[in-house]
Protein chains: 4
Amino acid sequence: MIRAGAELLASNGYAATGMLDVVAAAKASRGSIYFHFPDGKDQLVSESLTLSTGRALARAAAVVEASSSTGEAIERTGEYLAEVLNATDFRMGCPVATVALEIANTDNPVLDTCRTFFDQWHSIYVNSLLRDGLAADDAKNLATMILSVIEGGLMLARTSSDTTPLIDACRSASGLIDHFTNSSPQESS
Amino acid sequence: MIRAGAELLASNGYAATGMLDVVAAAKASRGSIYFHFPDGKDQLVSESLTLSTGRALARAAAVVEASSSTGEAIERTGEYLAEVLNATDFRMGCPVATVALEIANTDNPVLDTCRTFFDQWHSIYVNSLLRDGLAADDAKNLATMILSVIEGGLMLARTSSDTTPLIDACRSASGLIDHFTNSSPQESS
Amino acid sequence: MIRAGAELLASNGYAATGMLDVVAAAKASRGSIYFHFPDGKDQLVSESLTLSTGRALARAAAVVEASSSTGEAIERTGEYLAEVLNATDFRMGCPVATVALEIANTDNPVLDTCRTFFDQWHSIYVNSLLRDGLAADDAKNLATMILSVIEGGLMLARTSSDTTPLIDACRSASGLIDHFTNSSPQESS
Amino acid sequence: MIRAGAELLASNGYAATGMLDVVAAAKASRGSIYFHFPDGKDQLVSESLTLSTGRALARAAAVVEASSSTGEAIERTGEYLAEVLNATDFRMGCPVATVALEIANTDNPVLDTCRTFFDQWHSIYVNSLLRDGLAADDAKNLATMILSVIEGGLMLARTSSDTTPLIDACRSASGLIDHFTNSSPQESS
DNA sequence: GATGAATGAGACTTCATTCAT
DNA sequence: CATGAATGAAGTCTCATTCAT
């Protein structure tokens, strides 16, 4: 049920994900939701996003771990996400992106889950860049850019039902970063 | 009314923008909607997005025009959008982002408006990069990355109610691009 | 619709009066409620009770006006209410009694409407008793007793589907009051 | 569990008393209800009201026993009930009043429990008045009035969160009855 | 025997849309 | 042409009741 919620949220967003849809996708009964999630939709959303963001962070860390540089990690991440998009008919991209934008101007506590996700994901790239030898400031800023590239690439890909924008954006970012770290290991941006 | 719709759509997205809200914001009468927009909500959304994307494209082109390089244009665009975020309490970022993600997996014709917007915005940066001397392929890929950085940066900024991610991401991208175009004007990524 | 609500509330109380019931009784459509009563059930309840209590107060005042003594007014009121009970299959007694008891321990603003009703009804008997020559203190206390007799009598009558308790209680109260005011016009209770 | 139900019913009535509330108040388990009360809510309500009305009748009888006249008994009963109201934050008044009014127009068998309660309570005052020397008819009618005064007084007190109406109504009734029985022991109302 | 979980009808409410004036 | 009113499907949530362990 949490899993079904996570998929629907990533695919359709907060408002378009009805409790009935979740229940149908999880093959559960109408009334059972409020036994497992007494606080209703927000609780289900919160737990669903906690699940899906946890997995996403683990995958992101694994890709970084398996890569010899941050640039390589970006490129691999883009390729991996492109596969996911293809495998899910362009439904699953970022687990929180749609929801985050929908509720950005509310005081919905789910927004905290989104913020935390972005923060932790950011840390993964910061650490990777530090390992690549970058200065702390450069690492922080570049990690923000990497997150942005991936999120923006996913948005373009889902909007156009085409993985090319995501692949291209990640490959470009990867190239630029490698070019930067290789050609100027001692200066700052 | 179209204007009111554009603001609400950018701020709250497709599902959370009710016809009633638009009518109230535009101080129009309930029943007049279907005189002006016989095809209902989707028509209103479509015309609203056409208006707001037109303005966004004009601004993007103007910034590019006023900049001596694409890297500078990116940085200026980030700063401009940060101002907009601040001025609108983080409501107005990309005019279509939220809507695009919400309806990405539907066959809603509004999605075409979103795609067109991204395409045209992409062209602006492609042309700018060509003017900077890049090869066609590089320009296309880099323009995609630029779009991604801006869209992703806006998402991070709106989610955290803080313009820093947007500024940092754009500045990093600008730095990398300038570094790349200056140090290696003849090679390709 | 307000009228239908008033009848259902007097008959079945707050919780058992569904919006659907009101709509069905008023032959209106499901969604029209929230056009006329944007604040929902509580607003409908409030306006319904305002209508029915207004009528009840007018009738109570008219009966007092038409009577030569408060005692006579009580007896006539009991007979009148007995007729109403018979005519409505024991559905309509006090317009607010059931609702008042149901929400007595909540902070529902409808409770104020109930309190006001009792206060104004009380005043009618206070004035009548003052006209009969009673001291202010006696009048106030006796008026409270009269209200209690009528409300209690209505409760007993509705519970037993029999108007006898109401008639008996009012007649007894009438007799006692007449006996008191006649035999001791100068002393106080 | 029966005890918890009795308190909730007196306080909130039939509809607002959920099985879940009872179970929670009694610290019992959800599924155990239908082992102890196979006939469901109505059985629980019935047994709860049987318990609470039994206690109320015993107290009423005790007060009558301890009083030298029916008038005195009424006054003492009013004072006692006022204490209960104060001690329970105006939650506990008559054990059946709210429920009786809610279900008066249904064929719910619980209504019989309410009727029986009123009948037995009525008998207590009839007997007390007969002991005071009243004729059978007068005693019956006056007992009905006494019941009405107490029930009505409780309703007014709970509605206004103030014991004054109850005290005043009972005191007035007491005074009138004493005045009547003393000044005219031989006539009839 | 007792319990956590499941069930589905029904409550209140919102929404895009249409109608009568 | 414009407007207040009407419409009914659908959404979130609650509840009394039953089931599998």
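All of these numbers come straight from a predicted model, not from anything done at the bench. Just so we're on the same page: letters track the sequence lines, and every chain starts at 1. All values below come from the heavy atoms of this structure, side chains included, with hydrogens, waters and symmetry mates left out.
Both distances falling under 3.5 Å, in either a Watson-Crick or a G-U wobble arrangement, place E:dA20 opposite F:dT3. As the counterpart of E:dG8, F:dC15 is assigned, both hydrogen-bonding distances of the Watson-Crick or G-U wobble pattern falling under 3.5 Å.
Using a 4.5 Å cut-off on side-chain heavy atoms (C-beta onward), B:Ile33 and B:Met1 make contact. Contact annotation: the side chain of B:Thr113 never approaches that of B:Thr116 to less than 4.5 Å [non-hydrogen atoms, C-beta and beyond].
If you measure from atom NZ of C:Lys27 to atom P of F:dT7, you get 13 Å, rounded to the nearest angstrom. A straight line from CZ of D:Phe37 to P of E:dA2 spans 13 Å, rounded to a whole angstrom. In this structure, D:Arg30 atom CZ and E:dA2 atom C1' are separated by 15 Å, rounded to whole Å. Rounded to whole angstrom, the span from the CE atom of D:Met19 across to the P atom of E:dA5 amounts to 20 Å. With rounding to whole Å, B:His36 atom NE2 is found 8 Å from F:dA2 atom C1'.
Phosphate contact (OP1/OP2 of E:dT18, side-chain N/O of B:Tyr34, threshold under 4.0 Å): absent.
Within 4.0 Å of D:Ile33, counting heavy atoms only, lies no atom of the nucleic acid at all. Here A:Phe35 lies in heavy-atom contact (under 4.0 Å) with a base. Within the 4.0 angstrom heavy-atom criterion, base atoms lie near C:Gly31.
The listed nucleotides are F:dT12, F:dA2, E:dT7; the one nearest the side chain of A:Ser32 is E:dT7.
For the pair A:Asp39 and D:Gly18, nearest-nucleotide mapping onto DNA chain F gives the more 5' position to A:Asp39.
In this structure a side-chain-to-backbone donor-acceptor pair under 3.5 Å is present from A:Asn105 to B:Phe90.
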